[in-house]
Amino acid sequence: MDVAIGLEIHVQLATKSKLFCGCSAEYFGAAPNSLTCPVCLGLPGTLPVLNRRAVELTLRLALALGSEVQPISSFDRKSYFYPDLPKGYQITQKQRPLALGGALSFPGEAGEETVCVGELHLEEDAGKLIHAGDRTLVDLNRSGIALLEIVTEPDLRSPHDARVFVQTLRMLLRHLKVSSGEMDKGALRCDANVSLVPDGGPPGCKTEIKNMNSTRAVERALAAEAERQWDVLSRGQPVEHATYGWDEARGTVVLQRTKEEAANYRHFPEPDLPPLEISSELVRLMQGELPELPQARLERWNRELGLSGKEGQALIAEPERGEYFEEVVAACDSPREAANWLLTELLPLWTGIKPPVPAAGLGTLIRAVNDGVLSRTTGKSLLEQAVTTGADLEQLVGSEEVRQLSDTASLTKLAQETISSHPQAAADYRSGRTQALGFLVGQAMRKVQGRADAARLRKLLARLLDEGADPPAT
Ligand code: ZN
Ligand code: MN
C-alpha cells in the first residue's frame, strides 16, 4: 500500500500593493482595516485593476518550473458567503489559469523525485477573522492581497517527501524573490489531498487536509492522515471524501466537513476584468531576466568550486547565504575556505536574514589566516567579536595586536626566551624526554596569547634545543 499526496499551495506574491487596488500589501502588524479602499472592501460600483507586478512574479515562477504560460488566461468569480469576504465572491482563475504544467525536482527519501505541476493561477486573498472573547472582529487588510496558487499532481509518495518538496519550493520562491515564503506569517499556506493506493490498484478515495502552518506540520499531518485512512480500511470500512483540519497541539486531524456539505462555488467569468493576454515577447524578456536557478547554481559550485552536495545544500538553503558565499569567494579567492568559514564559524552566529558581517570583511579575514598573518584561533575570535559588537572586521584584522608573529626573528626570540625561562623542561628534552617539547610550545604560545604559528614554533624550538644540547656522554 502506497500513499499518494498532492498539494495546493497558496503563496503571497511579493508585490507592494494588492492584486486589484493600490492598497499596501504590507499588512503584517498594521492596524486592523487601515489598508483598505472601496475596491478591496468590496463596495458596489468599484472596478478591479490587475496588478502587473503580480503577473510578472507568477510568470517568473512559471518559467522556472518549465510551465506553459498561456497566451490568454481569464478570471472567474468563486461565490461563497463568509464574513471575511465582503464581495461574496473571490476573484480567481478557474477556467483558464495563467500557466499549465511544469515540474520541480527535490531530494526525496528514495533519491531524486520529481513532482509535476498541474497549474499556476492568480487569485485574491480574503480578510481575516479575529476571535476576541465572545466577539468576532473582521480585519480586511488582507482582503485583495495577491496570491499565486500552485496545484501539484498527486506525485508525492511519503509525508517526508511532501515536507522536503515544500521546503524546495519555498527555497525557489525566495531565490526568485517571488515571495518571502514565510509560513509562520501566512505567506505560504499549504493544503493537501491524501489517498492510499492499494498495490496494483487505482488510488482510493482522497481526503483534504488543511491548516498546516509549517513544513514540520505538513509531514506530521500527512502521516497522521495516512495512518487514519489505513485504520479505517483495516476495519473494513471505506474512506469517505471529506476535509480535515490539522490540530497541531493535539497532533491529530479533525473532521471539518463531509462530501454532503461540500460547497458549490458556482464559478462564472468575472465581467469586470478583460482576458489577460501575455505576449511571447514578454515571456522571452522574462526568460532572459531569470536568475541562475538553485539547481544550476549547486551544479556550478560543484563543478567550478569543488563544493560537495551537502555543503552546497546548506549554503543555498537561504538565498542570502548563497549570495553571501559568492561574495566571500570573490573577496578571498578561496572557495574551500570560504565554505568552511561560513558553514562552521559564521552560520552559528547568523540569526536574522542579513549577513552579520560584510562579505569583504570575512574575505579579508580568510586571506589573513591563509597567509599566516593571523592564527585560525585569533581569526575565529575576531569574527565573533565583529558579530557581537558590530566592530569593523577589516579594521580588527588590520590591527597590530592581533597579527601573528610570523617573521623568523620574532619567533626565534620567543623560542630563546621560552627555553631560558624553563631550564628544567629544556634539560628534560635534551636528556631524551621529547614530550617536554610540547610543554615548551604551549608556554611560548601562551606568552603571545596564541598569536604564533605553533607548527613553526615547534620546529624552531626543537632546532634550538638540539643545537644547544650537551654532547652525548662518551
Ligand atoms: Zn484596496
Ligand atoms: Mn485558492
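All figures in this text were calculated on a predicted structure; none of them were measured in a lab. Atoms within each ligand, like the ligands themselves, are counted from 1 in listed order.
Here the angle centred on the Mn ion (ligand 2), running from NE2 of His10 over to OE1 of Glu149, is 80°, rounded to 10°.
The Mn ion (ligand 2) sits nearest to atom OE2 when only the N, O or S atoms of Glu123 are considered.
Taken to the nearest 0.5 Å, the CG atom of Asn141 stands 9.5 Å off from the OH atom of Tyr27. Note that CG of Asp247 and CZ of Arg220 are 9.5 Å apart. Values are rounded to the nearest 0.5 Å. To the nearest 0.5 Å, atom CG of residue Leu196 and atom CG of residue Leu233 are 6.0 Å apart. One finds the CG atom of Leu137 at 13.5 Å from the NZ atom of Lys128 (value rounded to the nearest 0.5 Å).
For Ser24 and Glu26, the side-chain atoms include no donor-acceptor pair closer than 3.5 Å. Judged by distance alone, the side chains of Trp246 and Glu248 do bring a donor and an acceptor atom under 3.5 Å apart.
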Task: Check against salt bridge (Lys or Arg N to Asp or Glu O under 4.0 Å), Glu320 and Lys354 - done: CA-CA 7 Å; Glu320 291 77 13; Lys354 279 201 180 130; over 6 Å; no
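Shown are the protein N/O/S atoms under 2.8 Å from the Zn ion (ligand 1), given by residue and atom: Cys21 SG, Cys23 SG, Cys37 SG, Cys40 SG.
Note on Glu8: not counted as a metal contact of the Mn ion (ligand 2), no N/O/S atom lying under 2.8 Å.
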